[in-house]
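In what follows, a structure is listed as structure tokens, so that the remarks can point back to it.
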Amino acid sequence: MISDAIKKGSQTAPQRSLLHALGMTDEELEKPMIGIVSSYNEIVPGHMNIDKIVNAVKTGVALAGGNPIVFPAIAVCDGIAMGHKGMKYSLVTRDLIADSTEAMAIAHAFDALVMVPNCDKNVPGLLMAAARLNIPTIFVSGGPMLAGRVGGCKTSLSSMFEAVGSYNSGKITDEELNEYENKVCPSCGSCSGMYTANSMNCLTEVLGMALKGNGTIPAVYSERLQLAKRAGMKIMELLEKDIRPRDIMTEAAFRNALTMDMALGCSTNSMLHLPAIAHECGIELNLDIANEISSHTPNLCHLAPAGRTYMEDLNEAGGIYAVMNEIDKLGLLTTDIITATGKTVAENIKGCVNKNPEVIRTPETAYSKTGGIAVLRGNLAPDSCVVKRSAVAPEMLKHSGPAKVYDSEEEAMDAINSGKINDGDVVVIRYEGPKGGPGMREMLNPTSAIMGRGQGSTVALITDGRFSGATRGASIGHVSPEAAVGGPIALIKDGDIIDIDINANTINVRLSDEEMEERRKAWTPREPKINTGYLARYASLVTSGNRGAILEVKK
């Protein structure tokens, strides 16, 4: 066992003395040391219940003969960080989480790990750490929030942000805004739609790193505690069989994840996180394959913000395994690969039936014959950009209009709220990419303001930043190369006509190569917005969005 390095022999007596200082007995030291990575904190609603999940995991580990030991991981609430400087610190925590977990696990010689994340960057950060460490690991999340109810209808956080836009444009009253504020987030858990946190928890099931129900069982259900106990017991089996993350997260597993991403209509942030996780596995996940996979993968689910169903509905309909079973009917999944259950994908999904074809459509009744996410390219985004096609109004799948260009989210918000955006416009927000932000802020406030003003079917928005999973509309993010490195988005001017064709996977600005070159010669790099601390170090190492915004040491 790895932990023998701090437990066995006379030379480790100093280490044992420190373990005894923790209250550990000789009997405990004879057992495998199982690290439980707890993302509990008191500021993130998705994490306020994780202490209970962790205690359940500890029970499961102890029941199966392990020695459970808890250490922490940080987590940022994107909703609370949204719209101010705090959002610059969201994506960047993914690497802090991976790095700190790596440091803790190796420094203390853990034999195996149980990761207990829940929110947006916490899940991919811990998946990156799992791949990097490559010791037996299993995931169990805190679970999704229940849907809120306003006016007798289910609702969620995306409705709250859009309600602000409606309020600012005079469409709802103070009292109505207050009702949203108090009712859209009724419980602990990750926000109730198919936003980034829930997307990544669902894809953790698909990748094979979690047990059935991890992505969908609501946070407040006792079934979530039972799942945590089973995960604690299962890690001992994975340790005994020496099944490791890189045995599970193979190239075929990532293709399965991309396929299910399309079927579920996940957040566009998955197009940042899957390549980054794959990179840690030694796999280069080229997003060129995303459109190829999308072209023959039907979109079966329209959870909020794309539709009016929520995670609790998906859970009742059979969960992720039921959706996988529908997709497997088309032969689109690799099912003979091992998972953290100790079984293959085929064994996992056998008999998992679709209990509600209104929530999980069949391939014959799919919302579309192609997937929920599209990767676009053109002279505006030579290295790609991403859009959640399933959340775009049909009339906006093809759109041409004049650019309204802003060099920050704040400038764009001022323009939107003051009524300067007209029907047909294409709002361009730049210098918000991984380097330019720095930190690649989410643009939920601008997109929600546009939707709240009733312009969701007439106005497009493109950015080298990114979007919350709660965003809907013709919102195109991750434009690469980003403006800060001189990408074409830096050269756009007010009035330039931008052509978007989502079904054709293209995005272009009507400028000749000669005009683009002339503008490039006149362009000068911007001074970094932040020159100190972690964000400055991050900006110096981070790559563009098309590569997953991974950190790359200059050679």
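The structure displayed is predicted, hence computed values, not measured ones.
- With rounding to the nearest 0.5 angstrom, the CG atom of Leu314 is 6.0 Å from the SG atom of Cys202.
- Applying the side chain to side chain donor-acceptor pair (under 3.5 Å) test to residues at least two apart or on different chains, the pairs with a partner in residues 191-204 are Asn118-Asn201, Ser156-Tyr195, Ser158-Tyr195, Ser190-Asn198, Thr196-Ser267, Thr196-Asn269.
- Not a single side chain to side chain donor-acceptor pair (under 3.5 Å) links Glu358 to another residue, sequence neighbours left out.
- Contact between Leu227 and Lys212 at its shortest, heavy atoms only, is CD1-O, 3.4 Å.
- With sequence neighbours excluded, the residues that form a side chain to side chain donor-acceptor pair (under 3.5 Å) with Arg547 are Glu552.
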Legend entry - Evaluation steps, side-chain contact (heavy atoms from CB on, under 4.5 Å), between Met271 and Asp261: CA-CA 9 Å; Met271 295 290 105; Asp261 196 338; 3.3 Å; yes
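- Ser448 places no side-chain N or O within donor-acceptor distance of the main-chain N or O of Asn445, the cut-off being under 3.5 Å.
- When only modelled atom types and interatomic distance are considered, Ser384 and Asn546 share no side-chain donor-acceptor pair under 3.5 Å.
- Between atom OG1 of residue Thr216 and atom CG of residue Asp313 there is a gap of 11.0 Å, rounded to the nearest 0.5 Å.
- Applying the side chain to side chain donor-acceptor pair (under 3.5 Å) test to Lys398 and every residue at least two apart in sequence or in another chain returns nothing.
- Salt bridge status for Lys355 with Glu316: absent, with no side-chain N to carboxylate O gap under 4.0 Å.
- The pair Asp78-Lys121 meets the salt-bridge criterion, since a charged nitrogen lies less than 4.0 angstrom from a carboxylate oxygen.
- Residue Met82 comes nearest to Ser468 through the heavy atom pair CE-CB, 4.2 Å, listed as atom of the first residue, atom of the second, then distance.
- At least one donor-acceptor pair closer than 3.5 Å links the side chain of Arg224 to the backbone N or O of Ile217.
- When every heavy atom of Pro434 is checked against every heavy atom of Gly545, the shortest pair comes out as CG-N, 4.1 Å.
- In terms of modelled atom types and a separation under 3.5 Å, the side chain of Thr155 and the main chain of Ser159 share no donor-acceptor contact.
- A salt bridge links Glu312 to Lys154: one of the charged nitrogens lies within less than 4.0 Å of a carboxylate oxygen.
- Separation of atoms CD (Glu409) and CD (Glu442) is listed at 10.0 Å; rounding is to 0.5 Å.
- Side-chain atoms of Glu205 come within 3.5 Å of backbone atoms of Gly213 as a donor-acceptor pair (strictly under, hydrogens ignored).
- Checked by atom type and distance alone, the side chain of Ser270 never pairs as donor or acceptor with a backbone atom of Cys266 at under 3.5 Å.
- Using a cutoff of 4.0 Å between basic side-chain nitrogens and carboxylate oxygens, Arg377 and Asp288 are scored as salt-bridged.
- Remark: Asn325 pairs with no residue by the side chain to side chain donor-acceptor pair (under 3.5 Å) rule, at least two apart or across chains.
- For the pair Glu251 and Arg255, the salt-bridge criterion is not met [side-chain N within less than 4.0 Å of a carboxylate O].
- Here Lys329 does not pair with Glu364 in a salt bridge; the nearest charged N to carboxylate O distance is not below 4.0 Å.
- When only modelled atom types and interatomic distance are considered, Asn49 and Tyr40 share no side-chain donor-acceptor pair under 3.5 Å.
- The shortest non-hydrogen separation linking Ala374 to Asn505 is CB-ND2, 3.7 Å.
- In this structure, the side chain of Thr297 does not engage the main chain of Met262 through any donor-acceptor pair within 3.5 Å.
- Listed for the Thr268 side chain is no donor-acceptor partner under 3.5 Å among the backbone atoms of Val386.
- No donor-acceptor pair closer than 3.5 Å links the side chain of Glu280 to the backbone N or O of Ala131.
- Lys350 and Glu347 are not joined by a salt bridge, as no carboxylate oxygen comes within less than 4.0 angstrom of a charged side-chain nitrogen.
- Residues in residues 296-331 take part in these ring-ring contact (aromatic ring centres under 6.0 Å, His included) pairs, two or more places apart or across chains: His302-Tyr367.
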